[in-house]
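When a ligand or atom number is given, it counts from 1 through the structure's own listing order.
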Amino acid sequence: MLGIGSLAKKVFGTPNDRKIKSTRPLIDQINALEPEFQALDDEGLRAKTAEFKARVEKGESLDHLLPEAFANCREAARRALGLRAFDTQLMGGIFLHQGNIAEMKTGEGKTLVATFPAYLNGLSGKGVHVVTVNDYLAKRDAEWMSKVYGALGLTTGVIYPQQPESEKKGAYAADITYATNNELGFDYLRDNMKSELAQMNQRGHNFAIVDETDSILIDEARTPLIISGPSEDRSDLYRSIDRVIPDLTEAHYTLDEKTRSVTYTDEGNEFLEARLLALGILPEGQTLYDPESTTIVHHVNQGLRAHKLFTRDKDYIVRDGQAVLIDEFTGRMMQGRRLSDGLHQAIEAKEELEIQPENVTLASVTFQNYFRLYDKLAGMTGTALTEADEFHEIYRLGVVEVPTNRPIQRIDEHDQVYRTAREKFEGVVKAIKESHEKRQPILVGTTSIEKSEFLSQMLEKEGIPHNVLTPASTSRKHRSSPMPASSAR
Ligand SMILES: Nc1ncnc2c1ncn2[C@@H]1O[C@H](COP(=O)(O)OP(=O)(O)OP(=O)(O)O)[C@@H](O)[C@H]1O
Ligand SMILES: [Mg+2]
């Protein structure tokens, strides 16, 4: 017997079925328009774009324009690439335009799917960003699909690392811009550090279509992009403050060894204020309690900590002109590690070493916050349903499963989930053993050499013969066929 839930599904369809069905009238309209657009010559297709743009300008909604724009795009792609978009691809394009995540299985042609909503939304002239996971894909997709946009009379740009500013600006000014999430995020940060509007490269965040959405929007959601750099040189300030510290007496401050903090007493504050004024560190008429004094107060505190809480040869040693920290548990030197917030500089001043500039975060943003900037966001991926809840929670994005153009031949097995890495590797070894007994050849991919070697040890114990490929063993193979000179940089 059917439960109420599954009975309802039988009668009304699942929510996904209903979404699929809702696109039917639009797809029928696009199909019906096909002969009309096929009859246009190449110039006619571009003239259509001009007409659509004018209609958008006059206030016609993109939703209303969708059937004609999609029909025009389908015809342009057929001519430019020799690919006639399937109904399922139009369907994916509709879902993207509506700001959803379209789940379309691998090989269903998502690269082409993106051109439909990109073209439609590009008609507004506000720019569309198509986001990919790596620079190779950004370039490949831009080159491939620019033929379609070109046939429609729209321009395509691509963003890549270390791109000259002038070119970057042009790429962002294009109707459709292909870029990786990394480059987009960093360009956003770099724009934010500029002092003039005219220097900015990005011209707003209108609509983004994110390919491989699950990895960009979920796996990397909280990854912060950070631009850091040396702060202004404050060596003189550190040195001047350092000279004041030895004159302090125990009545001037209290130490808390446990939390490694210091506080000045009222007496200490008065004493410091007078000294700092005399030295000209504190400007005439300014007290330590004024908001403008925050930086000075901070460094005076750090100076005191450096002198009273950090002991040479216990907490740090001086070596080759540098203050090197010592790990309090192991007693080892922590080469390259520095205390933050000017504390390391205060120690350098105390030891009369050269003062290294502080590295400060100048700008930072997470992918999650970057992509929330867009007025409209859409995504496409081969696998999104498992993360549907997260997409909804973080980005308010719905996931729609688009049917494949032809019935799937492949059997998609469920993911195996293990509680511990140990259990996972045991599971892997078991699967390898089973295949090996059937005399099947097996290729095992891991994410690191360490993991490959770990697995190799486990296989050894089971007596399963195998080879481990490491970068060293594969590069030997490359050496016999040298790269063409033109690709060597
Ligand atoms: N309408 C079409 N007719 C015929 N071939 C098509 C059509 N659309 C796409 N293809 C072809 O399908 C192949 C796969 O396309 P594409 O790489 O865009 O798939 P995808 O969905 O992005 O896959 P993946 O999930 O692996 O990234 C390409 O070789 C492309 O030329
Ligand atoms: Mg793809």
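Remark: K376 engages H97, N121, F207 in a side-chain contact (heavy atoms from CB on, under 4.5 Å) (not counting sequence neighbours). Listed by chain and number, the residues in a side chain to side chain donor-acceptor pair (under 3.5 Å) with D187 are K168, Y172, R190 (sequence neighbours excluded). Considering only residues two or more places apart in sequence or on other chains, F425 meets the ring pair (Phe, Tyr, Trp, His ring centres under 6.0 Å) condition with F454.
In terms of modelled atom types and a separation under 3.5 Å, the side chain of T132 and the main chain of L137 share no donor-acceptor contact.
A salt bridge does not link K430 to E426: none of the charged side-chain nitrogens sits closer than 4.0 Å to a carboxylate oxygen.
In plain terms, the two heavy atoms of G127 and N206 that are nearest each other are O-ND2, 2.9 Å.
Within 4.0 Å of ligand 1, protein heavy atoms come from L83, R84, A85, F86, Q89, K105, T106, G107, E108, G109, K110, T111, L112, W144, E212.
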